[in-house]
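Computed from a prediction, not measured in an experiment: that's the story for all the values here. What's counted below: heavy atoms across the whole structure, side chains too, no hydrogens, waters or symmetry copies. Numbered from 1 within each chain, the chains take letters A, B, ... in sequence-line order.
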Number of protein chains: 2
Amino acid sequence: MARLEFAVARSVAFANLGSPCATCEIRKIGVCGSLDADELRELCQIVKESDCPEGRIVFSEGDAAENLYNVVRGAIRLSKLLPDGRRQVTGFVFPGDFLGIAFNDIYAYSAEAVSATHLCRFPRRGMERLVKSIPNLEHRLLGEAANELVAAQDQMLLLGRKTAKERVASFLLALADRARRRGRPDAQVAVPMSRTDIADYLGLTTETVSRSFTKLKTAKIIRLEPHGLVTILDLEGLSDLAQGGDGTDD
Amino acid sequence: MARLEFAVARSVAFANLGSPCATCEIRKIGVCGSLDADELRELCQIVKESDCPEGRIVFSEGDAAENLYNVVRGAIRLSKLLPDGRRQVTGFVFPGDFLGIAFNDIYAYSAEAVSATHLCRFPRRGMERLVKSIPNLEHRLLGEAANELVAAQDQMLLLGRKTAKERVASFLLALADRARRRGRPDAQVAVPMSRTDIADYLGLTTETVSRSFTKLKTAKIIRLEPHGLVTILDLEGLSDLAQGGDGTDD
DNA sequence: CGCCCTTTTGACTCCACTCAAGCGTCGTGG
DNA sequence: CCACGACGCTTGAGTGGAGTCAAAAGGGCG
């Protein structure tokens with residue numbers, strides 16, 4: 001986390017030069033990354049920044065979809081509810097990810113802050129206007145949506161066909177993969193969400209998630225550190241488990 | 001089915017007037033529906049039509065994503081496999097639906113014909129060129145992708161949190177809803193796919209799917225007809241069941 | 001230090017899976 | 001035209017993995 005905080009501090013020093021986007025630390029990985037200086041200035045005119053404390057609801061399933069968001073810092077969980085309270089977390093949104101692509105102008109899920117989160121908010125109206133003058137923007141949004149679709153299909157495979165152990169292993173691998181792609185190729189993976197959130201994401205109960213973690217720990221495949229950190233001791237073993245290997249390689 | 005066949009026959013009579021798209025019976029509901037005459041002519045220049053017999057593989061998970069498709073008649077199933085053979089069907093594609101939106105230029109799933117299917121094939125290269133001159137096209141593709149995302153999230157809720165009975169009820173409702181939106185507001189729903197396909201779609205076994213159908217039948221909520229037709233006798237009861245009601249309303 | 005909330009562990013239950021047998025339907029060939 | 005076989009669907013009996021209920025252990029914060 002220390003490295004990221006430094007980047008933020010440096011950005012703040014330049015913040016009064018004009019557009020907030022010009023100094024955004026996650027711009028290069030977000031949707032905004034594909035825009036040139038002029039386009040970025042246009043985008044800046046409609047963006048509003050905001051902070052969400054842990055637990056804050058950004059929007060709820062069924063709300064009119066009035067905004068798009070880009071996560072700058074923190075993490076968001078997306079979830080759907082059944083009438084009797086059963087919950088499915090459909091995804092986690094991390095810095096650089098887009099949030100709020102909706103159809104029918106209605107959000108299909110709720111979004112809540114897993115931890116203190118910093119967001120860029122783009123009014124849908126303004127975006128629609130902007131899209132007409134910046135074709136690149138829609139292209140990038142389509143890419144983002146295609147990405148999410150691939151992730152959703154992987155998750156369907158996980159929910160429909162994987163065992164509890166395989167689900168937890170896949171989840172840790174996905175977090176590690178993401179961290180690696182975002183330039184933190186560390187064996188230490190940050191797991192900021194609660195066991196309940198993980199359970200609702202993986203279609204399990206907290207007890208089963210906890211037991212699965214314990215089994216991975218006992219098998220010397222991971223180590224549970226304080227502050228929601230997990231050290232991956234045997235990446236290959238974890239990969240095998242995630243796709244149906246029985247974990248008996250050595 | 002008879003009504004549809006008639007429409008096809010009529011289309012064929014006009015087919016030699018020029019572009020095949022001009023007489024396409026599903027154009028108004030597909031991605032092509034939002035194009036004007038000029039744009040349609042451009043699209044026609046890159047489209048290739050093709051027929052797939054039942055069981056034919058259109059493309060496989062991991063293949064280079066060289067084409068986009070539009071289903072004209074029939075049905076396609078999308079599926080992913082685990083190394084040990086466990087299968088998850090991630091979706092069914094029906095007439096008017098788009099197929100093949102991929103990221104990384106690699107298909108994330110396999111596509112196979114559930115029944116004899118007629119497809120329009122668009123080379124990706126050509127589409128990319130076309131998208132530059134027809135911004136509308138990308139807009140429509142984004143809409144399609146957003147739609148698929150919403151469906152994927154519903155499916156995650158189903159796979160992660162619903163019981164077997166709820167899953168089968170939800171599945172039938174989704175088929176009925178689709179038929180209604182496509183102008184066949186009938187209590188008779190066509191279920192063209194096998195129990196195995198349904199099971200792999202719902203994260204169950206064929207036996208459990210079959211038992212669930214039987215229970216719905218015994219509860220007088222549906223009636224199983226020959227040729228893969230299902231009559232919905234109690235739509236309200238089915239809706240209740242799909243979302244967690246216990247089915248004890250009368 | 002003590003409280004509260006999350007996580008872990010334990011004992012038992014149950015829903016869906018597995019294995020197995022019967023049934024119905026369709027297509028084929030005698 | 002019917003007999004046969006193949007395949008898909010249904011039904012039955014028994015098992016097991018994850019859920020439920022309950023209690024202990026850990027960790028963070030005032």
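- Between A/S79 and A/D200, the closest side-chain pair of non-hydrogen atoms is not below 4.5 Å.
- The nearest whole Å value for the distance from the CG atom in B/D197 to the P atom in D/dG8 is 10 Å.
- Comparing D/dA18, D/dG12, D/dT10 against the side chain of A/A164 picks out D/dA18 as the nearest.
- B/V72 has its side chain out of reach of B/P95: every pair of non-hydrogen atoms, C-beta onward, lies at least 4.5 Å apart.
- Of all the heavy atoms in A/A108 and B/Q153, the pair that sits closest is CB-OE1, 3.9 Å.
- Direction of the helix axis in the helix from C/dC1-D/dG30 to C/dG30-D/dC1 shifts by 30° between the two five-pair termini, rounded to 10°.
- For the pair A/L224 CG and C/dT7 P, the interatomic distance rounds to 11 Å; values are reported in whole Å.
- A/I198 comes within contact range of no nucleotide atom at all, as no heavy-atom separation falls under 4.0 Å.
- Between B/L216 atom CG and D/dC9 atom P the separation is 16 Å, expressed in whole Å.
- A salt bridge links A/R87 with A/D197; the closest basic N to acidic carboxylate O contact falls under 4.0 Å.
- Note: CZ (A/F213) to P (C/dT6) measures 16 Å, nearest angstrom.
- Residues B/M193 and B/V191 form a side-chain contact, since some pair of their non-hydrogen atoms from C-beta on lies under 4.5 Å apart.
- Side-chain N or O atoms of B/T117 include one that pairs as donor or acceptor with a backbone N or O of B/A75 at under 3.5 Å.
- Counting to the nearest Å, the C1' atom of D/dG19 and the CZ atom of A/R167 are 12 Å from each other.
- In this structure, the separation between CZ on A/R180 and CG on A/D186 is 12.5 Å, given to the nearest 0.5 Å.
- A residue-by-residue look at B/T214 and A/K162 shows that B/T214 has its nearest nucleotide of DNA chain D further toward the 5' end.
- Proximity note for B/H227 (side chain, C-beta onward) versus C/dC26, C/dT7, C/dT9: the nearest is C/dC26.
- Seen from the ring of B/F213, B/R195 counts as a face-on cation partner, given the 6.0 Å and 45° thresholds.
- A/T90 pairs with exactly one of A/R77, A/K80, A/Q155 by the side chain to side chain contact (heavy atoms under 4.5 Å, CB included) rule, that one being A/K80.
- Considering only side-chain N and O atoms, A/R211 lies nowhere under 4.0 angstrom from the phosphate OP1 or OP2 of C/dT8.
- Going from atom CZ of B/R161 over to atom P of C/dA16 covers 14 Å, rounded to whole Å.
- Residue B/R86 contributes atom CZ, which lies 15 Å from atom C1' of C/dT18 at whole-angstrom precision.
- Across residues 201-210 of chain A, A/G203, A/L204, A/T205, A/E207, A/T208 each have a non-hydrogen atom less than 4.0 Å from an atom of DNA chain D (numbered order).
- Taking atom CG on A/D200 and atom P on C/dT7, their separation rounds to 12 Å, with Å as the unit.
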